[in-house]
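As a basis for the values below, the full set of heavy atoms in this structure was taken, side chains included, without hydrogen atoms, waters or symmetry mates. Protein chains get the first letters and strands the later ones, always in sequence-line order, with residue 1 at the start of each.
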Protein chains: 2
Amino acid sequence: MYVLKSAHLATSPEPPEPSVESLFDGRPLELAPPGRALFWEGDPARDLLQVVRGMVRVQRILFDGRRAVAGFLGPGDVLGLCFSDTYLFTAEAVTETAVRRAPRAALQGMVQRLPELRPAFVDRMRDEICAAQEQLLILLHQCADERLARFLLAMARRLVGEPRAGLELTLPMPRADIADHLGLTVETVCRSMTKLRAQKVIRLLGPAHVVVENPARLLALAGEPPGP
Amino acid sequence: MYVLKSAHLATSPEPPEPSVESLFDGRPLELAPPGRALFWEGDPARDLLQVVRGMVRVQRILFDGRRAVAGFLGPGDVLGLCFSDTYLFTAEAVTETAVRRAPRAALQGMVQRLPELRPAFVDRMRDEICAAQEQLLILLHQCADERLARFLLAMARRLVGEPRAGLELTLPMPRADIADHLGLTVETVCRSMTKLRAQKVIRLLGPAHVVVENPARLLALAGEPPGP
DNA sequence: CGATGCGTTGACATGCCTCAACCTGAGTGG
DNA sequence: CCACTCAGGTTGAGGCATGTCAACGCATCG
C-alpha cells in the first residue's frame, strides 16, 4: 500500500541520521476524534502525515457510491509520500487518533539536498509498488475466507514480525471498513470470521478482539508458503 | 501497474533531458517468438527491459498453481523500474516480440547523478503506485462485465488518448490471459464479451478484433465518470 | 426504559465457476 | 481436395459462493 512502515527504521540510534521520520520532529501533535477527516480527496496535497497514536482509514467514494477502503494506518506509518498534487483519497480517524503534519516541500528539499538519502527513498517507493501489486494480484484471485485471512495476517504483522499461536490482536475498525477494504459485504466478512473460528484458525474474544490459534493455517489460507 | 508508459513523455523536445528511455539507446534488439520467456520470477534482476514491438505478458504462478497475470506491455513500455534484487514476475512474449535490455546499474547511476530527482524517475514511480492502487481499488469492487470493460478501455487507451466510436483494437493475447489478468475464468470472459456485444457496446470482428461502438457506455461500465 | 448502532445469523437470489459439448480455423497427412 | 486432429473460443446446464434482504442479539446512551 501507499503506507510506509517506519517500525524498524525509525528507531535508529544516532540523532543526526536524516530520515523521512525526522521531518516530523518538533511538529505539533494533532488530535482527531473517531470519524474526523484528516484530509479530503481532491484537496491540494500540502503535507505529509505521520500517525502517532490510533488508527487512520484511507478511503475513497467510487463513481457509483460504493466506498473503497485502500488501507489502514497505525502508529509510525507515514502517509502521502507518493501523492501527486492533490490527495487521491480521504483519510479519516477510525479511533481517537494523534498525528503530525510536515509540508511536502520539506521532503522534497531533503531529497534534493541529500543524494545519499535517495536510495532509501526510492526503496520505500518501490516497496509500496510491490505491496500494491502483490495485494492486487492475490486479492483478485482469492475467495472471501482467503481475503480475510490475508487481512488478519497483515494486522498481526503490524504488531510482530511473524504471528505465533496465542497472539491477540485488536481490530479497531468496524466490519464495514474491513468489508470495503476487501471488496466484500459486511455479512460475508462476518460469515468468514465465523468460519475461521469454526476451523480453529482464530478465536474471537469480542468483535474487535481476535486471538490467532493456528498461524500456519492462517498463512496457508492467506496464500503464502509456510517457509518464510 | 509496474509498466511505465513512455508515449507522451518520451517525445520531449530537448535532447539533454535524461530519460529512462535513453538508457536503451544503442542497445541491440532482441527477438522472441510467442511463448518465449524474457526473464523468470526469482532470477536476479540484472536489467531493465523496453518493449519495441509485439506484446509481453507479465505473470506469476501462485502457491496453489493458479496463474495471475499482472499486466501486458506494448511498444514503448519499460519493465523493471520497481523491481528489487530478484524479478518478482515472469515475463513472456505473447506475440512475436522485440525488446532491448539495459542494466539496472545504469539506472541507479542515473538516479544518483541527476541533480533533480523528480522528473525522470520519481514521478513515474508515483504514477505506477497510483495506477496499481487505482486498479486494486476498482477491480476489487467490480463485477465481471465491469472488469472486462475496464480492460478493453485500457487496451484502447494504449492506442489513443480517449477511444471514439469505431475504434478497432486488437487483443493479441488469448482469452485465458485476459481471464487470469482480471481474476475470472475463460468462460466468464467469453460471456461478458458476448454481453457487451449484445448491449452494442462493442462489435466483434473475430476473437482478437474488437470495435468500440459505444465509448460512453464503456467508460461508464469501467467505472469512470463521462467527463474526462 | 426505549432508541440506536453494530455484529451476527438465516433465507433466498444471483453471479460466477465447473464441467461438458460444440464450433471454428489452422495445420497435417492421406 | 478431403479427412483428421488440435487448440482456442463459445455456449449451455448445474452447483456453489457471495450478495441481498430481513430478523435478532447485544451493548451503549440518552
### Message
So Gly206(A), base contact, sugar-phosphate only, or nothing? Heavy-atom distance under 4.0 Å.
### Response
nothing
State whether [X] places a side-chain N or O below 4.0 Å from either non-bridging phosphate oxygen (OP1 or OP2) of [N].
{"X": "Arg191(B)", "N": "dT11(D)", "answer": "no"}
{"X": "Thr194(A)", "N": "dT8(C)", "answer": "no"}
{"X": "Thr188(A)", "N": "dG19(D)", "answer": "yes"}
{"X": "Arg197(A)", "N": "dT9(C)", "answer": "yes"}

Gap between atoms [atom1] and [atom2], on [X] and [N] respectively (whole Å):
{"X": "Asp180(B)", "N": "dG8(D)", "atom1": "CG", "atom2": "P", "answer": "13 Å"}
{"X": "Leu196(B)", "N": "dT11(D)", "atom1": "CG", "atom2": "P", "answer": "13 Å"}
{"X": "Lys195(A)", "N": "dT8(C)", "atom1": "NZ", "atom2": "P", "answer": "15 Å"}
{"X": "Leu140(B)", "N": "dG19(D)", "atom1": "CG", "atom2": "C1'", "answer": "16 Å"}
{"X": "Glu187(A)", "N": "dT20(D)", "atom1": "CD", "atom2": "P", "answer": "8 Å"}
{"X": "Arg175(A)", "N": "dT9(C)", "atom1": "CZ", "atom2": "P", "answer": "10 Å"}
{"X": "Arg147(A)", "N": "dG19(D)", "atom1": "CZ", "atom2": "P", "answer": "8 Å"}
{"X": "Glu146(B)", "N": "dG19(D)", "atom1": "CD", "atom2": "P", "answer": "13 Å"}

### Task
Verify the distance criterion only: is there a donor paired with an acceptor across the side chains of Glu92(A) and Gln59(A) at less than 3.5 Å?
yes
### Query
Does Tyr87(B) have any ring-ring contact (aromatic ring centres under 6.0 Å, His included) partners at least two apart in sequence or in another chain, and if so, which?
Phe39(B), Phe83(B)
### Message
Salt bridge check, Asp47(A) against Arg104(A): does any charged N sit closer than 4.0 Å to a carboxylate O?
### Response
no
Which one, [options], comes nearest to the side chain of [X]?
{"X": "Cys143(A)", "options": "dT18(D), dT10(D), dT8(C)", "answer": "dT18(D)"}
{"X": "Leu204(A)", "options": "dG19(D), dT18(C), dT8(C)", "answer": "dT8(C)"}
{"X": "Pro207(A)", "options": "dG7(C), dC17(C), dT10(D)", "answer": "dG7(C)"}

### Task
Would you mind telling me which of Thr95(A), Asp180(A), Asp177(A) makes a side-chain hydrogen bond (donor to acceptor under 3.5 Å, both in side chains) with Arg57(A)?
Asp177(A)
### Query
Looking at Leu184(A), Val189(A), Leu171(A), which hits side chain to side chain contact (heavy atoms under 4.5 Å, CB included) with Phe151(A)?
Leu171(A)
